[in-house]
Colleague: 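Can you read through this structure? Questions will come right after.
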Amino acid sequence: MAESMLPAHVGIIMDGNGRWAKKRLQPRTLGHRAGAQNFRTITRYASKLGIKYLTVYAFSTENWSRPAEEVGALLRLFKDYLEEALRDFMEENIRVRFIGDVSAFPQELRKLIAEVEEASAPKTGMVLNLAMNYGGRAEILRGARAFAADVRAGLCQPEDLTEERFDRYLYTAGQPAPDLIIRPSGEQRVSNFLLWQCAYAEFVYFDILWPDFKPQDLDRALEIYRSRQRRFGGV
Ligand code: FPP
């Protein structure tokens, strides 16, 4: 596929791990482990294809309400991945960034997050945004508070706020908005993912559970994206 036809920014809601495990009469945590493995495969593939920005929804602000055992299992998977990422950065040209309120995670994980961000900062390839303890509404509120603080500090006036300027107050400041958002597992919801940024995104839904989502399915999503005409509100 010609690079110009590739979306610059792709978002993925990695849904369906629990159902994948249930179908196999296994605990949900096993589904998350399979999902984490697939996340590695798809991330590498997206980078190989030349996608510039990939944002994956790894943990939402609502996921804390899951049973403690499941939350613990997810945090362990994040830890394993981040440790592995630190070892692998020599070969991978991927820059990892985190979007969401990571201050809520245990100290050990926060330290790894900071290390991974720092170690991968010089990388010039794909930017991988890991949305962790992320919620679109919380992100917008955080931006609104930061803007209000700048007004109070005398740095700007309320009427200075434009859509472009507000972008700078978001976790994704400086990045293009997602062109394509993919949700596997059959659910057709946004679930508080990149709410501000997805205003003009194309959505592609698949009836495939995330652990079964293959590189060919990403190809298929890109094909569907290519076949759609984006008008950005014009004619
Ligand atoms: C939604 O599926 C998935 C999550 C809440 C967690 C997503 C996390 C991963 C795929 C692991 C990511 C790992 C790394 C290293 C970034 P669900 O559990 O809601 O599935 P269900 O709807 O079938 O119950």
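Start at 1 and go down the list; that is how both ligands and their atoms are numbered.
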Colleague: What atoms in ligand 1 come closer than 4.0 Å to a heavy atom of Y81?
Modeller: 15 (C)
Colleague: Give a yes or no on whether a salt bridge exists between E223 and R226, defined as a side-chain N under 4.0 angstrom from a carboxylate O.
Modeller: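 Looking at E223 and R226, the cut-off is met.
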Colleague: How close does the nearest protein non-hydrogen atom get to atom 4 (C) of ligand 1, and which residue and atom is it?
Modeller: H32 CE1, 4.0 Å
Colleague: Does some non-hydrogen atom of R66 fall short of 4.0 Å from ligand 1?
Modeller: yes
Colleague: For atom 7 (C) of ligand 1, find the nearest protein heavy atom and state the residue, atom name and distance (0.1 Å precision).
Modeller: A58 O, 3.5 Å
Colleague: Any nitrogen or oxygen of F78 lying under 3.5 Å from a nitrogen or oxygen in ligand 1? Just yes or no.
Modeller: no
Colleague: Between D217 and K214 (salt bridge meaning N to carboxylate O under 4.0 Å), is one present in this structure?
Modeller: no
Colleague: Among Q37, E70, R76, find the residue that satisfies the side chain to side chain donor-acceptor pair (under 3.5 Å) test when tested with H32.
Modeller: E70
Colleague: Quick one: list whatever passes ring pair (Phe, Tyr, Trp, His ring centres under 6.0 Å) with F98, sequence neighbours left out.
Modeller: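 For F98 there are no ring pair (Phe, Tyr, Trp, His ring centres under 6.0 Å) partners, ignoring immediate neighbours.
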Colleague: Within less than 4.0 angstrom of ligand 1, does R28 place any heavy atom?
Modeller: yes
Colleague: Return the orientation label for the F193 and Y134 ring planes: parallel under 30°, perpendicular over 60°, tilted otherwise.
Modeller: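 Correct class here is perpendicular.
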Colleague: What about W20: any of its N or O atoms under 3.5 Å from an N or O on ligand 1?
Modeller: no
Colleague: Please check if the side chain of R28 supplies one atom and the backbone of K22 the other of a donor-acceptor pair under 3.5 Å.
Modeller: no
Colleague: For atom 10 (C) of ligand 1, which protein heavy atom lies nearest, and how many Å away is it?
Modeller: N17 ND2, 3.2 Å
Colleague: Can you find a heavy atom in the side chain of P184 that is under 4.5 Å from one in the side chain of L209?
Modeller: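 Not touching, per the 4.5 Å side-chain cut-off.
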Colleague: Mind checking whether R19 has an N or O less than 3.5 Å away from an N or O of ligand 1?
Modeller: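 Yes, there is a polar N/O contact under 3.5 Å.
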Colleague: Which one of I13, N63, V56, T43 has a non-hydrogen atom at the shortest distance from atom 5 (C) of ligand 1?
Modeller: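 Going through I13, N63, V56, T43 one by one, N63 has the nearest heavy atom to atom 5 (C) of ligand 1.
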Colleague: Looking only at protein heavy atoms, which one is nearest to atom 1 (C) of ligand 1, and how far off is it?
Modeller: M14 O, 3.4 Å
Colleague: Please determine whether a side-chain nitrogen of the Lys or Arg among E187 and R19 lies less than 4.0 Å from a carboxylate oxygen of the Asp or Glu.
Modeller: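 Between R19 and E187 there is a salt bridge, with a charged N closer than 4.0 Å to a carboxylate O.
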Colleague: For N38, which part has a heavy atom under 4.0 Å from ligand 1: side chain, backbone, both, or neither?
Modeller: neither
